[in-house]
Protein chains: 4
Amino acid sequence: MDRRSDKRERIIDAAIAVFAENGFQASRVSDVAKRAGVADGTIYLYFRNKEDLLLSVFEQKMDMLLVGLEQALSGVDDPREQIRAFARFHLGQVRDNREAAEVLQVELRQSNKFLKEYRPEKLWAYLAVFARIVRDGQARGLFLPDVDPFVAMWSFFGAMDELAVQWVLARKAPRFPLEHAADQIAGMFVRGMSVGAPGGPDASVQSINLSEGT
Amino acid sequence: MDRRSDKRERIIDAAIAVFAENGFQASRVSDVAKRAGVADGTIYLYFRNKEDLLLSVFEQKMDMLLVGLEQALSGVDDPREQIRAFARFHLGQVRDNREAAEVLQVELRQSNKFLKEYRPEKLWAYLAVFARIVRDGQARGLFLPDVDPFVAMWSFFGAMDELAVQWVLARKAPRFPLEHAADQIAGMFVRGMSVGAPGGPDASVQSINLSEGT
Amino acid sequence: MDRRSDKRERIIDAAIAVFAENGFQASRVSDVAKRAGVADGTIYLYFRNKEDLLLSVFEQKMDMLLVGLEQALSGVDDPREQIRAFARFHLGQVRDNREAAEVLQVELRQSNKFLKEYRPEKLWAYLAVFARIVRDGQARGLFLPDVDPFVAMWSFFGAMDELAVQWVLARKAPRFPLEHAADQIAGMFVRGMSVGAPGGPDASVQSINLSEGT
Amino acid sequence: MDRRSDKRERIIDAAIAVFAENGFQASRVSDVAKRAGVADGTIYLYFRNKEDLLLSVFEQKMDMLLVGLEQALSGVDDPREQIRAFARFHLGQVRDNREAAEVLQVELRQSNKFLKEYRPEKLWAYLAVFARIVRDGQARGLFLPDVDPFVAMWSFFGAMDELAVQWVLARKAPRFPLEHAADQIAGMFVRGMSVGAPGGPDASVQSINLSEGT
DNA sequence: AATGAATGAGAGTTCATTCAT
DNA sequence: GATGAATGAACTCTCATTCAT
């Protein structure tokens, strides 16, 4: 099992590199095998098929993300700070693991199965952390009770993901600093959810905030 | 030219329907042709290849979006209201053109060319409207000067896009109301950018805004 | 009919140029039409199909060759001189009409119909001139009676044709002088057919050459 | 490697049969595969594409020709006899391997790549044997020094080739005996190159032949 | 006569996956 | 477990030809 997991790991690493370089569709299983130093058929001893290999990359990286996120948030108590830490952690991972990020951000979307059939429960678990922070902040009276944690969670992820995609796609142009994006996004959502925030003229959602001043 | 553009339109409409039903990869050009009521070869009189057909769907729909957006924003003066109108318009379009949205949200992302080579200038023009609103609001003293319009623009789009994807992908589950998501997202960003917003404990970005009023 | 033949001519000329540049198979009828300045469909008012167009090029050029050959041989009486004049004329045409030669030498062979079904009667007429010269020489006692005019005719044509192909194919390399080849070939066949020629040690064919010796 | 080369051979043999029957263009790769008893895709494990398969037929047959030619000439010393043996061998091969000859004589010529890009080095090696014989004969004083071995070589090949084509193409008509053609061609070239041959009246090339006459 | 938009048949090739060794 | 040769299904695209105008 030691050798087994070793070979499995090598195949996943090879897949990340190959998929990041050519894209999922354009990558050949035989290229992954060659890069991993195994025979084509060996891939199928560890993965059901090509798509399963891609999903396994996803699962493995999400496991790492989940563990890393817990560490990044441990010791941070204030929900507003947790949001900032979340954004910094997530985009820091994108920056530090560009190939893996490229596969997750871009290539994963090329899998029909991923988009239409697969239930990315590990992504949900990852984002559930954000929803929990929101509810926590609401319970503490820091965040507006009208904020829908479900919508906020996907919005936050969508914002980070889109910036990550733009950063990854900026192949040759000088990439903008992801830390800056992380702080901007975190600031936006923290202010956007915080009690005491001013709304627009007819900000019905924030009806509660009318009496609040600066 | 009348007949030409007529036929081109029919092919694009057929492509949207077929791609939405089967997915881009699984769709055969001959199916699109059959649905459009033309011969296979005719497709290639109007589009370079299958992928060009997909990208043309994108271009055509973005043209419609741009025109619609201008209308939706015309007569709205307050930047905060403009953001709300933007969100409602965008997600309203997703709701009212589910097939097209499915193609743009899901299938388009599976095109390597789109992701890696194509420069979606019409999308940039669309989003530039948001950046302009942000700058306008900053000029009027309504929005925090520290907000980066570039990051805000992509965050806003990412948030809406992610919600749209989740809505489109919720094939069988009861879809949540997109109007609700639109208002939530708009409120989040309006509050998140507005002067007078409270920040977190060490909200360095907004430190400047303490003395700013509406 | 004046305009007709004018347009027909323009199409044939365009076909020669296009076929010489791209090869017959790779040439598109629409390219010939474009070069001739007519619509695609117009081609089919003058030629049954693409292959008929190629064969028409052949026929037209063979007509010109036949006329030219008669002129080149007129006034030449000695069969040995006629052979020399034939070779010079033929390879001179190749040199002076490289595009047409290229089509005849190379592209024509890409037509299955030409090779397998078409009976190139004009080529036979052209070569019959050579056979006639041979028989004339034999009647005059200049050429060996054992020489088979049929074999000699095709050998002569094959030799010239092969040299022409090599000259045409030598696209970039400095082409060798065709006049030299013409004289060499003519000399070879004249000597090879002439009475009094020495044969090999057991030259059974030339049993007549009693005086042969090394 | 045994099995590999075995399968490669089977595919080439199948290709010869199929190409000879239907012509190269009209033959389907799947037909070759079926005849060889392999799957379509297997063809592409041994050959880059359909055209490469055709060129490989050429290479393989040329290898066989080269070996056979050496054998046919071994033990023959007199250059005049060698030329006769060459012609007999070559046309004997055409007669004994009609299908292969048909492919080489007719179908190969329809390949643009063969005609315009491919450098048929094996053909050159084959013909170089002829040029060597000529030079040998000249060195021995048997052949006229004015004969250009390059032109003679291509002329000889062109003559044999043309006769072979005519023989192959005479699908229904009773084929003429190739042995007769071989002897005729050999006799023609031997006499045409031999010292002591009579020339035409102004046979400048043969200035050496002072004693010409009947 | 001339046009050129429309037709639609047709096959080479790739590559994920299997399975005998 | 590991191999890698063999499989074979699947589909885009081209372009000669037609025919309504």
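Order of the sequence lines sets the chain letters (A, B, ...), proteins ahead of strands, with each chain counted from 1.
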Give a yes or no answer on whether the side chain of B:Glu107 reaches the backbone of B:Phe24 with a donor-acceptor pair at less than 3.5 Å.
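Checking the backbone N and O of B:Phe24 against the side chain of B:Glu107, a donor-acceptor pair under 3.5 Å is found.
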Return the value, rounded to whole Å, for the distance between atom [atom1] of [X] and atom [atom2] of [N].
X	N	atom1	atom2	result
C:Lys50	F:dT18	NZ	C1'	17 Å
D:Arg8	F:dA6	CZ	C1'	17 Å
D:Ile11	E:dT13	CD1	P	14 Å
C:Asp31	F:dA16	CG	P	9 Å
C:Ile43	E:dA1	CD1	P	15 Å
A:Tyr46	F:dT3	OH	C1'	12 Å
A:Asn49	E:dT18	CG	P	9 Å
C:Arg28	E:dG4	CZ	C1'	16 Å

Ignoring the backbone of [X], work out which of [options] is nearest its side chain.
X	options	answer
B:Val29	E:dT7, F:dT12, E:dA2	F:dT12
C:Asp40	F:dA5, E:dG12, F:dT17	F:dT17
C:Val38	E:dT3, E:dT17, F:dA16	E:dT3
A:Leu45	E:dA16, E:dG4, F:dG1	F:dG1
B:Tyr44	F:dT17, E:dT7, F:dT12	F:dT12

Between B:Ser27 and C:Arg48, name the one whose nearest nucleotide on DNA chain F is closer to the 5' end.
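Of the two residues, B:Ser27 wins.
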I want to confirm an ordering. Mapping B:Gly37 and D:Glu51 to their closest nucleotides on DNA chain E, which one lands closer to the 5' end?
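Per heavy-atom nearest nucleotide, the more 5' residue is B:Gly37.
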Of C:Thr42 and D:Thr42, whose closest DNA chain E nucleotide lies nearer the 5' terminus?
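Looking at DNA chain E, the more 5' nearest nucleotide goes with C:Thr42.
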When both hydrogen-bonding distances must be under 3.5 Å and the geometry is Watson-Crick or G-U wobble, what is E:dT13 paired with, if anything?
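Partner of E:dT13: F:dA10.
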According to the Watson-Crick and G-U wobble definitions, with both distances under 3.5 Å, which nucleotide is paired to F:dA20?
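The answer is E:dT3, by the H-bond criterion.
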Is the shortest side-chain N/O distance from B:Lys7 to OP1 or OP2 of E:dA6 below 4.0 Å?
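Answer is yes, contact under 4.0 Å.
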Do C:Arg8 and C:Phe47 come within less than 4.5 Å of each other through their side chains, counting heavy atoms only?
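A side-chain contact exists here, since the closest heavy-atom pair is under 4.5 Å.
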Flag if over 12 foreign heavy atoms under 6.0 Å of CZ, D:Arg109
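Yes - once you tally the heavy atoms of other residues, nucleotides and ligands closer than 6.0 Å, there are more than 12.
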Is the CD atom of C:Glu21 crowded by more than 12 outside heavy atoms at less than 6.0 Å?
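Atom CD in C:Glu21 is not crowded, with 12 or fewer foreign heavy atoms closer than 6.0 Å.
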I need the minimum non-hydrogen distance between D:Gly37 and D:Arg10, along with the two atoms involved.
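Minimum heavy-atom contact is O-NH2, 3.7 Å.
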